[in-house]
Structures are given as C-alpha cells and as structure tokens.
There are 4 protein chains.
Amino acid sequence: MVKVSIMGVSGFTAAELIKIFSRHKSVTLKHFISRTKGVRIKSLHPSLNIDAETENFSKKIIDDTDVVFLCLPHTESAKFAIPFIEKNKVVIDLSADFRLKNANIYRKTYGVPHPAPKLLSKAVYGLTEFYRNQIKTARIIANPGCYPTSVLLGLVPAIKGGFAKKEGIVIDSKSGVSGAGRKLASDWLFSNVYENLRAYSVAKHRHISEIEQELNLLTGEKVNFTFVPHLLPVERGILSTIYIPMKKFVNEDAVFLYYKKFYENERFIKVLERGTQPEIKNVNRTNFAHIGIVVDRNSLTLIVTVAIDNLVKGASGQAVQNMNVIFGFEEGEGLL
Amino acid sequence: MVKVSIMGVSGFTAAELIKIFSRHKSVTLKHFISRTKGVRIKSLHPSLNIDAETENFSKKIIDDTDVVFLCLPHTESAKFAIPFIEKNKVVIDLSADFRLKNANIYRKTYGVPHPAPKLLSKAVYGLTEFYRNQIKTARIIANPGCYPTSVLLGLVPAIKGGFAKKEGIVIDSKSGVSGAGRKLASDWLFSNVYENLRAYSVAKHRHISEIEQELNLLTGEKVNFTFVPHLLPVERGILSTIYIPMKKFVNEDAVFLYYKKFYENERFIKVLERGTQPEIKNVNRTNFAHIGIVVDRNSLTLIVTVAIDNLVKGASGQAVQNMNVIFGFEEGEGLL
Amino acid sequence: MVKVSIMGVSGFTAAELIKIFSRHKSVTLKHFISRTKGVRIKSLHPSLNIDAETENFSKKIIDDTDVVFLCLPHTESAKFAIPFIEKNKVVIDLSADFRLKNANIYRKTYGVPHPAPKLLSKAVYGLTEFYRNQIKTARIIANPGCYPTSVLLGLVPAIKGGFAKKEGIVIDSKSGVSGAGRKLASDWLFSNVYENLRAYSVAKHRHISEIEQELNLLTGEKVNFTFVPHLLPVERGILSTIYIPMKKFVNEDAVFLYYKKFYENERFIKVLERGTQPEIKNVNRTNFAHIGIVVDRNSLTLIVTVAIDNLVKGASGQAVQNMNVIFGFEEGEGLL
Amino acid sequence: MVKVSIMGVSGFTAAELIKIFSRHKSVTLKHFISRTKGVRIKSLHPSLNIDAETENFSKKIIDDTDVVFLCLPHTESAKFAIPFIEKNKVVIDLSADFRLKNANIYRKTYGVPHPAPKLLSKAVYGLTEFYRNQIKTARIIANPGCYPTSVLLGLVPAIKGGFAKKEGIVIDSKSGVSGAGRKLASDWLFSNVYENLRAYSVAKHRHISEIEQELNLLTGEKVNFTFVPHLLPVERGILSTIYIPMKKFVNEDAVFLYYKKFYENERFIKVLERGTQPEIKNVNRTNFAHIGIVVDRNSLTLIVTVAIDNLVKGASGQAVQNMNVIFGFEEGEGLL
C-alpha cells in the first residue's frame, strides 16, 4: 500500500482527493497536514465518511509518506515540496507553483519570486495524456490548471494535425465557482453568482502563461490566442469553446477522425460523435473529458468544445491519475 | 390612450408585455387573442395582476386595436399581420417573420416559404437605437431576435469606428432558457439544464442570417464571423462575448471613448467604465444593455461583451420601446 | 412631491426601495445617507438606473426630508429615528428595532438594551392589512419581518375564524438567501447554498418573539407554536407552510370562503382557488401574498401556505405601502 | 460474481445503479432489458462509462440473471417480477408495487388492481436498517420510497423511544426534482422549477399509505400525522423536517443519546452532534442519512430533520445495500 499524505485539507481539491482515495485499492491515507492540528476532517467536509484529524507538519510525517499531495495556494506551495524531495518522496503539487518552467515568467505572473527555483527543472507538467512517459519517473508533478487542461486537450491535436493557423485563435471558457477555491469573498456570494454570468480577468488570466508555454512545448509552434474566462452559476464544471481559424478547409469528418485517432488509447478522453456537443453535467464528478468537433465552412473555423470537471480531471482526479502512472497502478484506479 | 391587443398570450414575451403595460400610462390593454377563447390570463401567468381573458381573432378586434403585438412562433406570425395592415393598424411582430428582407433567405433559414412576402418591404427592423427614424413612420416592426440585439449593439460600433477587420470575428453567446420560449421538450427539463452548460446549433443558428443582413445594412461592409450560442442554467439573460480582430492597435481608452460617444444619447445603452464587465444580473428585468470594452494587445483583439435581458431588451421591452417611438411617447415610458 | 431619504444604502432593501420609487409618481428621492459619503449609488447597485451619491447624515438632510426609510441592521437603526422624530418627520424602519413593544423582550431577543425605548410606544407595526387605521396617523412604522409577514397573513384568519386550536401549531418556513441581507459570511457562499437546503435557528429564530406578540395583539389569544426556518437555494422568496390543528372538522370550502372574505378588500392578498398552491416564482418581484388552503380531514389539520417576496411584501414593498397609507396616496402606487 | 440485470434503463434510478455497480467488486452487469432493443446505454446516459446496449425481455435473460432490479413505473413493475420469481431469482423492485401489504390499499392508492397480488406476501420492505434479518432470506425486495425512507429513519426511534405522542405529528418534506423520475411534463420544465418552491399533493401524496403501514408495523402503534411534500429547485436531495409533539419534556441531550444508540451499529446513518443540522449537499451522491435532533421546550416538540439523496439512500443505493445483505457481501460494497 502506498502511503499518501495531504497538505492543506480545508479546500475543495483536498476533499475531492479524499473521496477518490476512499475507492482506491492500493493507497492508505496517512496524514492530513495543516497549520491547525486536531481538526476533524469530517468537520471541514461533512459529506466525507472519514475518521481522521489534522496534524502539524513534521519530519516524522515525511518519513511516513510515499507521496504527498500539496493542496495549498500558489506561492505557498512550492516551499513545502523541498523537504519531501530531499527525502526522495513523490510530490504532486495541485497549485500553480511548478507549472511554469521559467522563474521570471512565474514572478511576472504571480507577483513574487519563485519559492523553490532549483526544483523547477525536476517538475513534470502532469497533463497525463501528453506527458505520460516523463510522469512515470517524475518526482515532482506540476498538476495542470483546470482551464489549461480543458484548452490543451482541445487545441493541441488541431495544431499537431496541421489544421490550425498560428493566430486568431479564440478561447472562450466558462467555469463553475469551485474553480476559484473556497474563498470568502464578495464575488462568490450566492447573490452575486445566482442567475448571473460575467467575464473576468479578460485577456489577462494567469492561466494564459501556462497555456502559452505548453502549446509551445507540445507542438513546437508559437501560437497566438485570446483567452477569456467566465463565471458560471454552477458549482462545478468547465466548458471551453475553442475557435481555431483553419489553414484551409478540411471537412468535419476528417477532423473528427483525426481527433478520434489522436485519443484512441486514452480512456478518459471521449471525442463525441458528430452532431453531439459536450455537456458539463455529463462529465461532472468524473475524470473524463468530452470533446466536440464542428467545422464552420462559412468562416473556415474549427470549433472544438471541451467539457471537464474542474475539480476532477481539472485537479484532483488528474493528480491521482498521475500518481497511478508513477506507481505503476492501473491508470483508472480509484477514478472509474 | 392607445389601444393595444396581444396575439398569442401563453408565452414568455406576452407575459412580459402585459407586465410592462401595467406601468405604461398611455396604453390600454384591449384584447388577448388566442385560438382558445375564455382562458383567464391569470391562469396562464399567475404572477400577473390582471383580470382579463382570451378572445378569438375577429374583425371587431382589429377595429378596436391601434397596435397589435404578435407573440406567435415564426412561420405562424406573418399571416396575422395582413388583416391588421389592411386596416392601417400598427403591427409589432416579435417572431422572426419580418426580420429577413429576402424571402429566399427566409425560406432557406426557416424551411418554409414566407407567409406574407408582399409585406416584407414595409417592415422596419426594430433595433431602436439604429433605426429610430424609420421606426417613427413604420407600420410593421420586425422586432429583433435576442441574440442579434446583443451582438449588433456590441459589434456595429467596432465596424463603423474602423477598428475591426472584416474576418476572423468570433461571437460566443450564452443565453438563459427563456430565450427558447415556453416549449415542452426534453432539452428544457430542469434535469437537463441544471448544473449544466452546452453549446447548441454550433455555427448554424438561425440568427446568423439576421446578424449577417443587419451588419451589412448598418455598416455597408460584408463581415465574416462565427457564431456559437450556449444554453445557461438560468431563466433569463444573454451575455455575448465578441472577439474582434483589430486592423491595427488602438488603445483601450480610445475604443472606450468611441463607444461612449457612439451611444451618448441612448438612455438604454450603458458603456461600462474600463475594468468593469457586464453581468447578466445587472440587466435582467430591465431594458438596458451593458457593454464592456477590453483591448487585448497581445492578440490585437477587441473584446466587447454585451449583456441584455433576452425577454426585455431582447424582446418585449424593445417592442414597447418601438411602440413608444411610433406613437411619439417618451421612449422609456413603461420601461424604467 | 413627498421628499424621501434613505439611510443605509448598500443592502438589498435599499436597492429595492430605489427601484420602487423610480415608478412612484408622488415621491422625490432626495438623500442617500451613509457613513461613507460620495459613493455612487450605481457602483453599489449596478442594476439601478439612478444618478446620485451618498451623503453623510446632517441636520440639513433632516430638514429636507418628509419621510426617512431606515435600512440599517437591527440594534443600529433605532437611534437614528430620534432626530427625525424630533423634527416631526415620518420614520419607516425596516430593521427589527421598533417591532417588539417590550424593551425587555427586545433585550432578550437581540442581546442589547433597546437604543430608543421612549419611542417604542409611538411605533405602529406596519403589517398594512391589519393595522391600516393606526398606520394612517403613525410617525414611526416598525416594518414587519419577512417571516412574520408571511406567517401572520396565513395564521391570523385561522385564529380569528375560530378554526384553530391554541396549541400544536407548526410553522415550517423556507426563504431565499436575500432574507439574511448582504452579508459576507461563509454560510452565504454560493458553494454552501447551491443544490442545498438546511434548517437553521431551529425553534430559536428571533422572529418568534415578533410572531408571538402580534398573534396575541391581533387575535387576543395566546397561541403556542413551533417555528423552523430553512435556507433555500434561491435569491428571493418565502414560502411558509403552516399546520394548524383544528378545533373540529370544518370543510375546506368553508375555510376557503372565510379566508376569501377576510381578504376581500385587500388588493395585495390573493387567496388561491382550491387545488392551487402558492409558488414563490408567482410572487417574486411583486408586493403580493398568495395563500393556499387545504384541510386534511385525516389529521384534522388546516394547512395554510403563504408565498411572498421577502424583499417586497416582506420588506421594501410593504414599507412603501405603509408610506402610501400615511400620505394618503393610492395604496398600490409604485407597487403594481 | 453475481449476475445482475436491470429492467427499465432510461430513468434516473437505473443510471444510478449502473454507476454504483461500476464500483462493486462482486457483481457483473449482464442485461439491460427494455422494450426497445439495441439502444446504447451511453446514448441514454452520456455520463456513464459503459459499453452495452438494451435487449428485449426473454427467458434466456432470466436464466442468465441472479438478481433483477426493476426500474419501472409503479403499476407496470409487479408483473415482470413473476417470471423471475418462478425461476427462483431475486427481484429488487424500485417501484411502489410491492410496498403496500394490502392489495385493497394498493388499489385505492394507485388506482388499479394489484398486478401480482399473490406475490405480495413474499415481499420484504427493504428499509435495510429496520428489516435486515428478513431481507437476508427475501426473494422480493420492495425497495422503499424516497420520502418514506427519510421519514421512517427520523420518526421510528421517536416512537420506539416513547417520546412521541400518537397524534399531531407534522412531516414537512422537501425534495429535488429527480424524485419524480424523468418525466416530460410542464411541472418539471426548468422555467417552472428555477427560483421556485411549491407544495404539492398536500396531505394526499401516495407515500402516506406507505408511511402509515410501516409506522404501524415497525412500532406496533397507530400514529396520526400530516404529510406535505414540496418541490425544491435542485436536482437531488430530500430534507424532511419532522415535528413530533412530546408526551412530556425530555431534554435534548437524552433524546440525542437515544438516537445515537439506536443507530450505533448502522454505518449509513449519522446522528449529528447537537447544534448541527443536516444539509442536502452533505448527503447527495452518498448512501448516508444525516439526522438532526432539536427539542423545542416552549412548544414541547421534538424536531427531527433527516437528509438523504433521494436517488441513492432513497432508491438505488438502498437497493444495492439490500442486494449486499441478501448475497452476504459487505453491506457497504459499492456504496462507499
């Protein structure tokens, strides 16, 4: 049994991890690390059926851990990776801290110097479908952001397949409120979300750097795009509608077959039959991504829609998928 | 007092008209025309405080009417305009029947020959802010679709102002369920809408013809765009996010000031201060459109966001606004 | 034109007042009094079409005011009534401060001594339908709580009609989140309200004292009841389901006719036809109360259901209704 | 491996069963029986990760089945039990058909003669916590209704513990829309449920007979109660607020401890600490029931609140729990 510890237990991603691990047959949940010790997990997350409480960080915990999941805010997470890495443990970081390879871009994006720049080169970007081989031997997983997961799954094949122009790409994403974590701020009050929709961080969301980096690394191309996220009046789920100007007309069927083949060995990626569109409710509380393909002949645009659950494939589910790859378990263990 | 009749009373737009007219000081609601007579309006719309019942269509009703609002499905609406026009009454049609100038495009778009092609040339497209002068003397108002209203208000100034390229424009719209009318179909069941979002009619929605026609008529340009609507888990409200590739960089402030000036005399159009984004909840149950302006320098894209209530500015509110223009009332009468 | 000032402008009830007054033909909104001056009302409530800003409290404002609406939290509201009353102005207090006649019960219920006990005897409880005559000459209106409004409208006729036993009454109320005001607290986060329902303040809600007092004053009886409020995942609306053990069987029709007659002259109270139940959506954004009547022969229980909008009939709408009574306006002015 | 077949696959309860069985280690899903054959399960339930299709009912299927779950409407379900029982298979019926012991009460409640009256005596009411011993050897399980499950779990201990009077009990239940199954009817349209709440079947819901029967069988007492269900604007979840007049005052702690002891060996029943109330979101998508206890000294009323997921503990989860008991599996297998 692999010994798992979780650091930062009050948020949504920690709750989702605990739920997934309750169904994982090769894992024991050992330690719940928090600044405040002695808090019952059930009092933080009354929906979880678990009898355990928080502990303070300690060297003893490191020794008693095979893999730690960091569920901390960005800029606070990276420094806690250091002691685990020194003891040769596996670190899966759900924050943004290890996603950007370049410490300068990190500083520009997150406003502070990187807390552990020496570790950056050890981190593997944990979009399982694209980096499976590197993940197998990784010590640090930079678990991808929820928006980037949905965007890269939809956009990378279009570029690799040679369908996409390098500019004019538009990414219009819509997310439920849990994407922002469990914050007490006016923006997340029921009265400000219910029967509402608004764009936010228009063309300046932090995930833009992450998408840029990975599009470049994964395709070898430098592509230019606009990204606008919107806040949906739902708890969970992301739908990204990606508009890709085409180099030349290719009929919808050919694009569909290319995507189908691209993901044929991926159990968690479903390219939907033509005429069918992804829906948030069909992926919520699963680790699946659903992808829809439409070619608009009139505007020579390929429209790819991708739905995921931001807390599962966009966070904790993918984190466990990565752990399964590292430890040689069935990739879907705990996730089906 | 202007004598108003409403034809087709069971739907959302009729209910909204009745609510508006209860506050309109120069109008008497005279007749509620329906296939089934004797139905209490309150039994159809229990939220309305009105004591009246439906009547069958008759010549007597035409004589006792100054202006009729047609709240019927497209393809069924146009033929009922004929007898009112023959008696020199004003017709405000909330269906799509008089929006397209070209009967061939109508047939292609709605699948049937136009029911009253001779009247097409008499109809004025009722986007009040753009056609106010023609509306003043119109006998038939083709009240605009909800999506086109939101799109044209946001996109026309960008083209007229010379900011926009003629192609690569992307329109990503999101609408509450009332936009589809009061239909009993599986798609509108609570279980299929709640905690959900999906794109539909991707790049083939009927409103595309309407947007194309009006962009061309209003700007003299032929612009190419992609349009994808999405179904939001809310009752009301549209947010259209419009991505406009710019000919060359113009800074955000200049674009903002252009829009501000463009709409300076329009009481129902609010161009929001920079840094502020429109929200559906801020326009719902009002006749206002809120417009947000962002320039993404990185991708040279102007991002215009527009929020309206699909049942008010996108339907019944604008219909009354048009009536007010025709009869010389204060344009905001009943709408503020 | 009556000169109106509003004190405490950031909350839901102030916004609702402003919206109502925009349609009221005999009122001018003069002053928006706040601790912070110079705040644009539109920045607090972007959905309102109003061009004004906050001012600090001053004697000049009192002089320039005929009636002030206090939209302040309980325990903070009463002291601001004093200077207005001294200048012989009308005070309509939307907080709980003047509702309880007995300063001791106030202290027990709200945890602090009453801030203006000398004014208590001047205050009239503003449930318009029951206290219209006293309201006409009142200087201070204690505008009723949202739960008590729904409960008293449903329960008082049952007692006055002699149907009800004096004990065993159960009141199960359900309210949207706006009933709690605009608070930044974890309980009102979208994630804690969405797809949820919970009882709260079970059998110890502060409105119990208010209901007890008024049942006694209005019926002359001492009745015993249990009251449990629940938090609904909606923005607005209250439904109170009131279970009244009957002294002896009376058939449903007779009870219905009694209620119908009881409210026959009340424009805002609708006793629904038998077989029809009140729905929150049918009263939301109106000043109406809908009442449903069922007699359960098997358990000898009269089940009265009452729906109101907590922000309109349960707060600002009723406040304006009371103002209309005081100033001799049409009682529905601004409210229809 | 136990061979499971499901009859009636398009509804919510079948989908929930399939999801649960995907995690059950001792079960093979063999046949999906439907009137229409060849339908892909994924096309009915796109959120399920299953590759199978419907078959028509046949004798061969019976032979290849150990236990069949009937997910059919009441009045249609019972007759399909007969051929399975004749072959000595286990039948778990999620409809109401085998719940009432008395065929006359069935006819009165459901309006038709019972379709298989001879089997009635073989059926065991599948409220696992109360009938575990009988379930072990049962051939037919009458899986309880969702409302009765929530009500009996909360009310039976109060009666057995001697706290409750025999009359004056009030049960106010609130349920999400999935409780009504997947019906295409105006009542379940998004527009009629969103931002709404209404009581329905006031004091005449069909589950009243079921609750009456089981209260009597389980406690030996004849108790009188009023039951009113309400439709919540959510997909899933039931909260029942049960008001129980007490014979005499017993303090809250004593009642709490009694309940705690009553359920001490039940893994799926959680009696919440005093001061904590059940919330729908804490039980949704689990097989747990959460129970809250409050004693209102003033009205001498015990207020028990119970939350369950109507589709899990209130339907498919409990069905699998019963199957686990019958086949000697861990009772929580597939359900944790």
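The structure displayed is predicted, hence computed values, not measured ones. Numbers restart at 1 for each chain; the letters A, B, ... are given by sequence-line order, proteins then strands.
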- Counting heavy-atom pairs under 4.5 Å to chain B, which of Leu197(A), Leu232(A), Val295(A) comes out on top? Leu197(A)
- Note on the structure: Bottom line for Thr301(B): the part with an atom under 4.5 Å from chain A's heavy atoms is side chain
- Message: I'd like to verify something: which residue of Arg285(A), Glu235(A), Lys165(A) has the highest number of heavy-atom pairs under 4.5 Å with chain B?
- Response: Arg285(A)
- Item | Val234(A) versus Asn196(B), closest heavy-atom pair with distance | CG1-N, 4.1 Å
- Query: What option among Arg198(A), Lys204(A), Lys281(A), Glu167(A) has the most heavy-atom pairs under 4.5 Å with chain B?
  - Reply: Lys281(A)
- Item | Toward chain A, the part of Asn224(B) with a non-hydrogen atom under 4.5 Å | side chain
- Task: List the atom of Asp296(B), the atom of Phe225(A), and the distance in Å for their closest heavy-atom pair.
- Result: OD2-O, 4.2 Å
- Item | Side chain / backbone / both / neither for Pro245(B) at chain A, heavy atoms under 4.5 Å | neither
- Counting heavy-atom pairs under 4.5 angstrom with chain B, the leader among Asn298(A), Asp172(A), Ile280(A) is Asp172(A)
- Bottom line for Val202(A): the part with an atom under 4.5 Å from chain B's heavy atoms is both
- Message: Applying side chain to side chain contact (heavy atoms under 4.5 Å, CB included) to Lys174(B) and Leu239(A), what does each step give before you reach the verdict?
- Response: CA-CA 12 Å; Lys174(B) 302 91 175 166; Leu239(A) 186 77; over 6 Å; no
- Rounded to the nearest 0.5 Å, the NE2 atom of His230(B) sits from the OG1 atom of Thr241(A) at a distance of 3.0 Å
- Note on the structure: Separation between CD1 (Ile171(A)) and OH (Tyr243(B)), nearest 0.5 Å, reads 9.0 Å
- Item | Which portion of Glu279(B) sits near chain A, non-hydrogen atoms under 4.5 angstrom | both
- Please flag which part of Asn284(B) lies under 4.5 Å from any non-hydrogen atom of chain A: side chain, backbone, both or neither. side chain
- Counting only heavy atoms closer than 4.5 Å, note whether Val170(B) contacts chain A via side chain, backbone, both or neither. side chain
- Kindly give the heavy-atom pair with the smallest separation between Arg236(B) and Glu195(A), and that separation in Å. N-OE2, 3.9 Å
- What is the minimum heavy-atom distance between Thr305(B) and Ala199(A), and which atoms define it? CG2-CB, 4.4 Å
- Message: Around atom CZ of Arg297(A), are there more than 12 heavy atoms from other residues, nucleotides or ligands closer than 6.0 Å?
- Response: no
- Message: Counting only non-hydrogen atoms closer than 4.5 Å, does Val228(B) touch chain A with its backbone (N, CA, C, O), its side chain (CB onward), both, or neither?
- Response: both
- Rounded distance (nearest 0.5 Å) linking atom OG1 of Thr226(A) with atom CG of Leu302(B): 10.5 Å
